Amino acid sequence: MIVAALGYQAPEPSSLSSSSVISPSDAPPSQHRDVLSEADGAVPDGVTVFDDAIPAVANLDPGLLKALRQAATAAAADGVEFYVNGGWRSPEYQNQLLRQAVSKYASEDEAARWVATAATSPHVSGNAVDIGRSDATAWLSEHGAEYGLCQIYRNEPWHYELRTSALGRRCPRMYADPTQDPRMQQ
């Protein structure tokens, strides 16, 4: 199964401001494809941070990927495996997720709490990863700062980004949701 190709099971993590939301009718026709593939960043079930053949993993920022793999190796000693639900995404994939969120929540403002535009999403740039399974997110919540891996939004316990300033310290304070993130105000 391709996660989020035709819908998603949990609120889709990511971020944007309501002022930067693209309404479904504003997206170019080429971005109205119904089915997206692994080449767009769709993630099949069972993908880990070590699956280099999957573009959602392989196209992550090298620093983020290195930190994820170091953390995953340490977590494995505790019996925890890092599965990837989302990583790098093409702009087309990100725009499809946004259209789906607007449809699901019947509001661009509410959709903005969960899905960013392609222009603002850290997934499109390869700077964010969504980790599946609660044991992995719990492990990262406790140990992620040791690797610079930080949860950015309180409403998205699966969404992690690299914050090298957290190394040897603590992760920065989380935003309530992406609408509070200044990066999403573009």
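Given the structure is predicted, the values throughout are model-derived calculations rather than measurements.
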What is the minimum heavy-atom distance between Leu167 and Gly148, and which atoms define it?
CD2-N, 3.4 Å
I'd like to check Leu97 versus Arg89 (side-chain heavy atoms, cut-off strictly below 4.5 Å). Are they in contact?
yes
Asp51 side chain vs Ile54 backbone, donor-acceptor pair below 3.5 Å
no
Which of parallel (below 30°), tilted (30 to 60°) and perpendicular (above 60°) describes Tyr153 and Tyr175?
tilted
Decide whether Leu98 and Trp158 are clustered together by the hydrophobic rule: side chain heavy atoms of Ile, Leu, Val, Met, Phe, Trp, Tyr closer than 4.5 Å, transitively.
yes
May I ask you to test the Pro172-Cys150 pair for a side-chain heavy-atom distance under 4.5 Å?
yes
Exam field: side chain Ser121 to backbone Ala118, donor-acceptor pair closer than 3.5 Å
no
Would Asp109 and Ser107 count as having a side-chain donor-acceptor pair, cut-off 3.5 Å?
no
Honestly curious: do Val43 and Leu140 fall in one hydrophobic cluster under the side-chain, below-4.5 Å linking rule?
yes
Modelled atom types, side-chain donor and acceptor of Asp78 and Trp139, under 3.5 Å
yes
For the hydrophobic clusters of this structure (ILVMFWY residues joined by side-chain heavy atoms under 4.5 Å, transitively), does one cluster hold both Val84 and Val124?
no
Find out whether Leu149 and Leu68 are in side-chain contact, i.e. whether some heavy atom of one side chain is under 4.5 Å from a heavy atom of the other.
yes
With rounding to the nearest 0.5 angstrom, report the CD to CG distance, Glu92 to Asp40.
6.5 Å
Below 4.0 angstrom, N of the basic side chain to O of the carboxylate: do Asp52 and Arg69 qualify?
yes
Gap separating the CG atom of Asn127 from the CG atom of Leu64, nearest 0.5 angstrom
7.0 Å
State which residue, out of Asp130, Asn85, Val129, Ile131, fulfils the side-chain contact (heavy atoms from CB on, under 4.5 Å) condition with His159.
Asp130
Taking a hydrophobic cluster as the set of Ile, Leu, Val, Met, Phe, Trp and Tyr residues connected by side-chain heavy atoms closer than 4.5 Å, whether directly or through intermediates, do Tyr160 and Met174 fall within one such cluster?
no
Start with the C-alpha distance between Thr48 and Phe82, add both sets of side-chain angles, then the distance that settles side-chain contact (heavy atoms from CB on, under 4.5 Å), and finish with yes or no.
CA-CA 6 Å; Thr48 73; Phe82 287 9; 5.9 Å; no
If you compare all heavy atoms of Arg163 against all heavy atoms of Glu161, which two are closest, and at what distance to 0.1 Å?
NH2-OE1, 2.9 Å
Distance (rounded to the nearest 0.5 Å) between Glu110 CD and Arg113 CZ
5.0 Å
To the nearest 0.5 Å, tell me how far His123 NE2 sits from Leu60 CG.
9.5 Å
How long is the gap from CD on Gln94 to CH2 on Trp88, to the nearest 0.5 Å?
11.0 Å
Is the backbone of Trp114 close enough, under 3.5 Å, to the side chain of Asp177 for a donor and an acceptor to pair up by distance?
no
With no hydrogens and no angle check, just 3.5 Å: does a side-chain donor-acceptor pair link Ser134 and Thr137?
no
Thr179 backbone acceptor or donor facing Gln185 side chain under 3.5 Å
yes
Side chains of Pro122 and Met184, heavy atoms from C-beta outward: is any pair under 4.5 Å?
yes
Asp181 and Arg183 ion-paired at < 4.0 Å
yes
Would you say the side chains of Tyr83 and Glu81 form a donor-acceptor pair under 3.5 Å?
yes
Within this structure, what is the CD-SG distance for the pair Glu146 and Cys171, rounded to the nearest 0.5 Å?
10.0 Å
